[in-house]
Amino acid sequence: MTLPSHTGSALHPDTWDLPTSTHLAPYLNWGQVLAKLGWEHAHIVVLTADLQHANRLYDFSQVHPRRFFNFGIAEKNMVSAAAGMAAAGLLPYVATYASFIGLLCAEQIRTDICYPGLPVRILAHHAGITMGFYGTSHHATEDLSILRSFAGMTVFSTVDPHLAEAALRASVDHPGPIYFRLGRGREKPVYALPPADFAFGRAIAMRDGHEAAILATGLPLGAALEAAEIMAAEEGVSVRVVDMHTVKPLDAEAVLAAAATGVVLTVEEHNIVGGLGGAVAEVLAEAGARCRFRRHGLLDEYALIGPPLALYAHYGLDAAGIVRALRELL
Amino acid sequence: MTMAERETLLAMLRDRANFCRRETIRLIAIAKSGHYGSVFSAAEILSVLYYHVLRYDPQHPDWPDRDRLILSKGHVAVGLYPLLADVGFFDPALLDSYTRLGSPFGDHPDMRLIPGIDFSSGSLGHGLSVGGGMALAARVTGRAYRVYVLLGDGEMDEGQVWEAAMSAAHFKLGNLVAIVDRNRVSVDGQTAEVMDIEPLADKWAAFGWRVLEVDGHDVEALVDCLDGLPNPASGQPTAIIAHTVAGKGVPFMENRFEWHLGYLAPDDQARALAGLEEKR
């Protein structure tokens with residue numbers, strides 16, 4: 001797939017316009033994955049809201065133009081229309097920024113998709129605080145909490161394009177609706193390949209350890225792995241790291257196994273209220289598990305303005321911040 | 001169709017509209033709460049759709065080529081359930097469970113529980129979007145069905161309706177038909193006072209729709225209007241503004257926003273039914 005070059009051919013290579021900006025985000029792969037799946041499954045359709053360059057669903061629209069629908073800047077209409085398509089036998093993947101689809105369209109998702117149990121796949125990209133200096137209007141740090149409360153919804157959050165690909169492939173035959181929480185496609189992948197035995201609801205142990213456990217979801221999983229390395233190298237502490245990619249249904253077995261280490265830290269690019277940390281706390285409390293426990297994420301606040309990487313450092317969602325949180329907990 | 005056949009058809013459609021009203025009175029008595037006014041304004045529209053216009057097969061409610069009706073003003077469901085039973089989707093005796101614990105039949109319709117309900121509804125403003133999605137799906141799957149969406153006029157206040165209107169024209173959905181039950185009242189009063197939606201026909205036209213206006217209680221006019229819909233290949237969606245009277249058929253309810261929702265005690269049920277009989 002060749003992308004269009006920018007509109008002024010005499011411009012410097014570092015200059016970018018919207019179509020060429022996707023070069024800056026080499027891991028935005030879901031358009032390519034869906035394009036492949038589209039050849040295998042004639043009932044797949046893709047919808048977006050005036051963002052096919054930003055989310056690279058361009059890769060799908062170029063090869064399946066009759067099954068691609070750009071709804072313009074009208075997200076609620078798009079989400080309800082996806083429900084209508086699903087009710088008529090199609091398999092819609094509907095995409096826009098997480099702040100708009102997961103928050104603005106929450107009621108359409110609840111009433112038109114979850115209540116009838118329709119197989120709509122929601123691609124909520126640029127989730128968390130990855131939009132950085134765009135500000136809180138473009139952040140989504142509440143979506144896991146909201147979407148998790150919708151009966152019948154599967155809530156998935158990816159660290160990288162390989163895990164996203166595995167989940168997208170698994171989604172074709174999965175019953176009911178799925179919320180995909182996706183990033184901005186710029187950070188280095190954590191997985192080398194799509195995990196072959198991927199299943200929604202089954203956590204993936206990334207690193208073994210017996211003195212503490214980090215349960216992470218989404219982008220901070222990479223930082224959590226680095227943090228575990230640092231703890232081993234600097235303090236000789238053995239830290240388990242688990243990819244809790246599915247926040248609902250939550251892998252309770254993985255949570256209780258983590259609790260057996262005696263120390264559990266949850267890490268998410270999300271408000272600590274109601275997301276992964278909340279879900280893990282529910283499992284621990286109901287099981288009567290005994291362990292030290294802390295939710296790490298945004299402390300019930302709106303993020304500052306700043307570049308994404310600076311924000312991750314500020315909120316302790318980098319390796320150093322996770323190490324600090326672990327040390328306080330140990 | 002001969003003149004005699006046509007008269008028979010029209011008489012049947014009028015009779016079924018009043019059947020819808022009588023059943024609504026009976027079912028709301030079970031719940032002791034319901035939307036009389038909104039059902040009564042839509043009774044002829046529902047009758048003409050289910051006994052003359054829509055293509056469906058009660059033995060195969062999921063028939064992929066069937067026409068769809070989205071009840072975007074989902075609170076008229078109590079008037080539709082008896083018609084679905086009457087045309088054979090399910091046993092009319094099931095209606096006696098209306099709104100009781102675990103019943104398939106609530107104030108708003110549930111597509112998972114009721115054969116013949118094409119989409120769950122109740123949250124105003126969603127239905128035209130859903131219908132637009134179904135109309136697009138017909139194109140993707142190569143099917144020839146039409147999608148009808150029944151909207152309330154108070155529902156025109158919802159912004160999502162106009163998102164859907166814009167996209168239906170953009171996507172050239174000639175197989176999509178919006179019917180607006182223009183009964184001129186919403187919950188708090190006259191629409192002109194609560195939120196003025198005029199000029200309504202101009203709005204739909206400005207959004208790229210073909211606009212038809214009809215007396216929504218004149219079954220003959222409704223039949224002619226719906227029989228004369230342009231070929232879906234025309235690529236333009238159609239909006240039908242059906243001018244109606246809230247509470248139509250029961251004199252003390254007519255044009256009264258207060259009867260959007262209510263309950264008739266047994267004596268008053270008899271009074272309302274007598275009013276319907278006089279009108280026949």
Side-chain angles (χ1 to χ4, degrees), chain A residues 38 41-50 60-61 64-94 96 100-101 104-120 150-152 175-177, chain B residues 61-70 72 74 106 108-114 117-143 145-147 149 158-173 175-176 207:
Chain A
H41 306 281
H43 65 317
I44 287 180
V45 291
V46 171
L47 290 64
T48 194
D50 197 28
F60 182 93
S61 70
H64 303 293
R66 288 171 200 282
R67 289 190 273 150
F68 175 81
F69 302 98
N70 195 331
F71 274 77
I73 309 167
E75 295 81 5
K76 300 184 295 297
N77 179 46
M78 172 175 72
V79 167
S80 297
M85 290 178 176
L90 299 179
L91 185 64
Y93 289 75
V94 50
T96 187
F100 303 142
I101 203 158
L104 177 65
C105 301
E107 196 263 343
Q108 282 76 12
I109 294 173
R110 197 285 304 249
T111 306
D112 296 341
I113 295 174
C114 293
Y115 167 42
L118 292 169
V120 176
F150 294 169
Chain B
D62 296 329
W63 177 39
D65 290 307
R66 73 191 184 281
D67 290 332
R68 270 77 169 167
L69 175 74
I70 313 294
S72 196
H108 299 94
D110 187 328
M111 64 192 275
R112 295 171 308 171
L113 302 179
I114 306 170
I117 293 292
D118 288 313
F119 206 81
S120 304
S121 57
S123 181
L124 296 176
H126 294 205
L128 194 60
S129 301
V130 171
M134 288 181 176
L136 277 172
R139 180 179 301 166
V140 173
T141 55
R143 300 187 188 279
Y145 59 80
R146 282 190 204 259
V147 182
V149 182
E158 292 277 6
Q160 189 178 341
V161 171
W162 302 102
E163 295 182 7
M166 192 175 340
S167 67
H170 175 78
F171 290 128
K172 303 189 189 314
L173 300 180
N175 54 348
L176 182 64
F207 276 76

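Just so we're clear, the structure is a prediction, and the values are computed from it rather than from any experiment.
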For A:I73, does the CD1 atom have more than 12 heavy-atom neighbours from other residues, nucleotides or ligands under 6.0 Å away?
no

Among B:H126, B:R139, B:M111, B:R68, residue most engaged with chain A (heavy-atom pairs, under 4.5 Å):
B:H126

Which bit of [X] comes within less than 4.5 Å of chain B, counting heavy atoms only: side chain, backbone, both or neither?
X: A:V79; value: neither
X: A:L118; value: side chain
X: A:A83; value: both

Here the pair of heavy atoms bringing B:F171 nearest to A:N70 is CZ-O, 3.5 Å

Looking only at non-hydrogen atoms, find the nearest pair between B:M134 and A:G84 and report the distance.
CG-O, 3.3 Å

Heavy-atom contact with chain A under 4.5 Å, split by part of B:D62
neither

Would the B:F119 and A:Y115 ring centres measure less than 6.0 Å apart?
no

Could you measure the distance from the [atom1] atom of [X] to the [atom2] atom of [Y]? Nearest 0.5 Å is fine.
X: A:R67; Y: B:L136; atom1: CZ; atom2: CG; answer: 14.0 Å
X: A:E75; Y: B:Q160; atom1: CD; atom2: CD; answer: 10.5 Å
X: A:D112; Y: B:S129; atom1: CG; atom2: OG; answer: 8.0 Å

